[in-house]
There are 2 protein chains.
Amino acid sequence: MSNKNIGIKDVAVAAGVSVTTVSHVLNEVSYARISSETRDKVKTAAEELGYGPNRLAQALRTQRTGMLGLVSEEIATTPHAGRIILGADEAAKARGYNLMIINTPGSASLESRQADVQALLERRVDGILYATMYHRNVELPENLGSVPSVLVDSVAIGGNITAVVPDEDGGARAAVGALLDAGHTRIAFLNNTDDVPATRQRLQAFRAMLTEAGLDGDAAPVESEISEVQGGYEAAKRILSRDDRAHMPTALFCYNDRMAMGAYRAAAELGLSIPADLSVVGFDDQELIAANLYPGLTTVALPHYEMGAWATEHLIDAIEGKDDLSLMALHPTILGCPLVSRESVAAPR
Amino acid sequence: MSNKNIGIKDVAVAAGVSVTTVSHVLNEVSYARISSETRDKVKTAAEELGYGPNRLAQALRTQRTGMLGLVSEEIATTPHAGRIILGADEAAKARGYNLMIINTPGSASLESRQADVQALLERRVDGILYATMYHRNVELPENLGSVPSVLVDSVAIGGNITAVVPDEDGGARAAVGALLDAGHTRIAFLNNTDDVPATRQRLQAFRAMLTEAGLDGDAAPVESEISEVQGGYEAAKRILSRDDRAHMPTALFCYNDRMAMGAYRAAAELGLSIPADLSVVGFDDQELIAANLYPGLTTVALPHYEMGAWATEHLIDAIEGKDDLSLMALHPTILGCPLVSRESVAAPR
DNA sequence: GTTCTTGTTGCTCATCCGACTCCCACGTCC
DNA sequence: GGACGTGGGAGTCGGATGAGCAACAAGAAC
């Protein structure tokens, strides 16, 4: 490797001009008046030497690193984090920024989160994205406030900081709507037991949709279990095993795809065929599950990619002064959860 | 926020000493002779002001950023990338380093990869981890050579660069061994159609294990399909639907968990119960599938977390001069794939 | 007992890392 | 002698670091 540490100085020497001129040319400084001959000489020299600016020195001087910090929970255990990162990364790259990712356990203490943010601050990131692994309310480290920041998939407790979250209500309505449209009137909800916004909002939307359709939303059956495959299996089994065959639900709205996967097994064991005997819709659109179950699971997609991209886009706007985050901080921005239709919904018998 | 931009200079003024002294104290420079009184004054002042060093300035001077670049393919579409990142992140954090992650499509051109590496180089990362989403041979951007680098889950084409890969042979042997130990003598292999190391090595190990067990390894049935759920379903269906019931396999070794998931469905459709009528083992240990299928899938785990950690550990050793990568570059390091037993294997009827 | 080395201890000065940028110095041509 | 058109000098960002200086003590020389 010959190209060890080529600086602006080397380019200057090669082109026979001063470093000032090189800087002017390469940064296309507007007020610099330089002949096109000189420009060419400089550009050619830079090219030939394989010059790339030292971003550290540049950042030190300009007070801009072109880096965004991303604090993300549980990078490995949920595919959701991956999609947020992807959305953020692509949006950042498109605007010339790079990401510094810090992973943190969902259970991390406030001090530990603060240390994570501190690490980002010491590296002088231009802004910070703070992402959680599921939609919830978080207590934020206070040092977050010292640079522009945006929350992804969560809102701050008592906080006025810009945030973007999924439209739980709309998503749940789309899911239940798909079942209603297919003609179902006896629909059950397999809910989660955690006390998170999604649990409450989806339940509320579920009942509201039924009521608005002229059914008795308040009486519709709801079974809660932990939101895993096993929980879905148990909840479905309870609902589908009731004596009263005539009033048994013909459709299941599941809190997430994992629970839906459990419901599939319960249905199989009870000799119920999907979608002929039972329609199912999930939530999350986890590729691995939803697309690979048989029959394919109709579900609602969480806009993780979109939230990551939206947050990044607006964070950069704020950094560049094109946008004012404090105006948007009043209410979280809500992004849609579109229905993804596959084969698990049909008209009731 | 009062603590805007506190520099070493501010600490120096507050403590009534020079910046040199502050630097000496805070970095615990061994040759610096400073009274403990002065040390205390400096530390107290730094504490009170909430001073944190500007890592950019530090890095510019010391030529050390304490950052590692990680080029990872397809961050969002495979959980494997997440585990590599997690392993790398934890190992890095433990040694005081941070990660800069660049995501790149698996299909990216060589120039595009080169640009990714260039971005990392301009930020003066101390070393680079280059990770692929599945075990394969890659053509590397040449600028990768200008800082210490380690490949994760791949080896360089014609290249002598340190790499760490999974033990395909050992993993496949463990999988087939589990079936053999359970007493199976008629075992089939559902293989992948891609031309990657895993495809060849697992097939070879499969045949070798059978032969070593006194069976006719060369004659054992193998069906190849794309390594997805659908492919597994089709391959399993072909194998399990043959006329010759007496010679039908009693156990299936699947190229990965997704194909195993397809095999489960094929078995269900044919009225075969797992593991009573048919034993199945997979490969990958994708939590979402392996632990959630019913019955739980016995499979072999890929050491993604471990590869990420190993690579990081040795990369840092090389950066700090404790290790010489070129010595390890001769042969890729191989990490074990342990068997994860669940409930899909039993003795044949 | 005073004055000089010689040595420590304790801390500071000046410079540097690599790029950006304000301000000034030339010619030339009207 | 202004007004351009071209280009360079030197300071700056924030911290690291080798060289050097002042103060004081112990031992040596007178």
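Note on naming: letters A, B, ... go to the chains in the order of the sequence lines (proteins, then strands), and numbering restarts at 1 for each one.
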Write down the distance between [atom1] ([X]) and [atom2] ([N]), rounded to a whole number of angstrom.
X	N	atom1	atom2	value
Leu60(A)	dT12(D)	CG	P	14 Å
Asp10(B)	dG14(D)	CG	C1'	10 Å
Arg64(A)	dT21(C)	CZ	P	11 Å
Ile34(A)	dC26(C)	CD1	P	19 Å
Leu56(A)	dC20(C)	CG	P	12 Å
Glu37(A)	dG7(D)	CD	C1'	14 Å
Asn5(A)	dC17(C)	CG	C1'	11 Å
Lys9(A)	dC17(C)	NZ	C1'	8 Å

[Y] backbone acceptor or donor facing [X] side chain under 3.5 Å:
X	Y	value
Lys41(B)	Ser36(B)	no
Glu73(B)	Pro105(B)	no
Thr38(A)	Ile34(A)	no
Asn160(A)	Leu330(A)	no

Grab the N/O contacts between the protein and nucleotides 16-23 of chain D below 3.5 Å, and write none if there aren't any.
unit_1: dA16(D); atom_1: OP1; unit_2: Asn27(B); atom_2: ND2; d: 3.3
unit_1: dA16(D); atom_1: OP1; unit_2: Gln58(B); atom_2: NE2; d: 2.9
unit_1: dA16(D); atom_1: OP2; unit_2: Ser23(B); atom_2: OG; d: 3.0
unit_1: dA16(D); atom_1: OP2; unit_2: Asn27(B); atom_2: ND2; d: 3.0
unit_1: dA16(D); atom_1: N3; unit_2: Arg61(B); atom_2: NH1; d: 2.5
unit_1: dT17(D); atom_1: O4; unit_2: Thr20(B); atom_2: OG1; d: 3.2
unit_1: dG18(D); atom_1: OP2; unit_2: Tyr31(B); atom_2: OH; d: 3.3

Have a look at the helix from dG1(C)-dC30(D) to dC30(C)-dG1(D) and give the angle its two end axes make, five pairs each, rounded to 10 degrees.
->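 The two end axes of the helix from dG1(C)-dC30(D) to dC30(C)-dG1(D) meet at 80°.
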Name the closest nucleotide to the Ser35(B) side chain, picking from dC11(C), dG8(D), dT12(C).
->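 Taking heavy atoms from C-beta onward, the closest nucleotide is dC11(C).
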Just checking, is any N or O donor in the side chain of Thr65(B) or Asp126(B) under 3.5 Å from an acceptor N or O on the other one?
->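 The answer is yes; a qualifying pair exists.
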Arg136(A) NZ/CZ over Tyr134(A) ring centroid, <6.0 Å and within 45° of normal |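 Yes, a cation-pi geometry holds between Arg136(A) and Tyr134(A).
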SB check Arg95(B) Glu320(B) (cutoff 4.0 Å) =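 Yes, charged N to carboxylate O under 4.0 Å.
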With the threshold set at 4.0 Å, does a side-chain nitrogen-carboxylate oxygen contact exist between Asp153(B) and Arg83(B)?
->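 So Asp153(B) does not pair with Arg83(B) through a salt bridge.
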Mind checking the OG-CD spacing from Ser23(B) to Glu28(B)? Nearest 0.5 Å is all I need.
->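 The distance works out to 11.5 Å.
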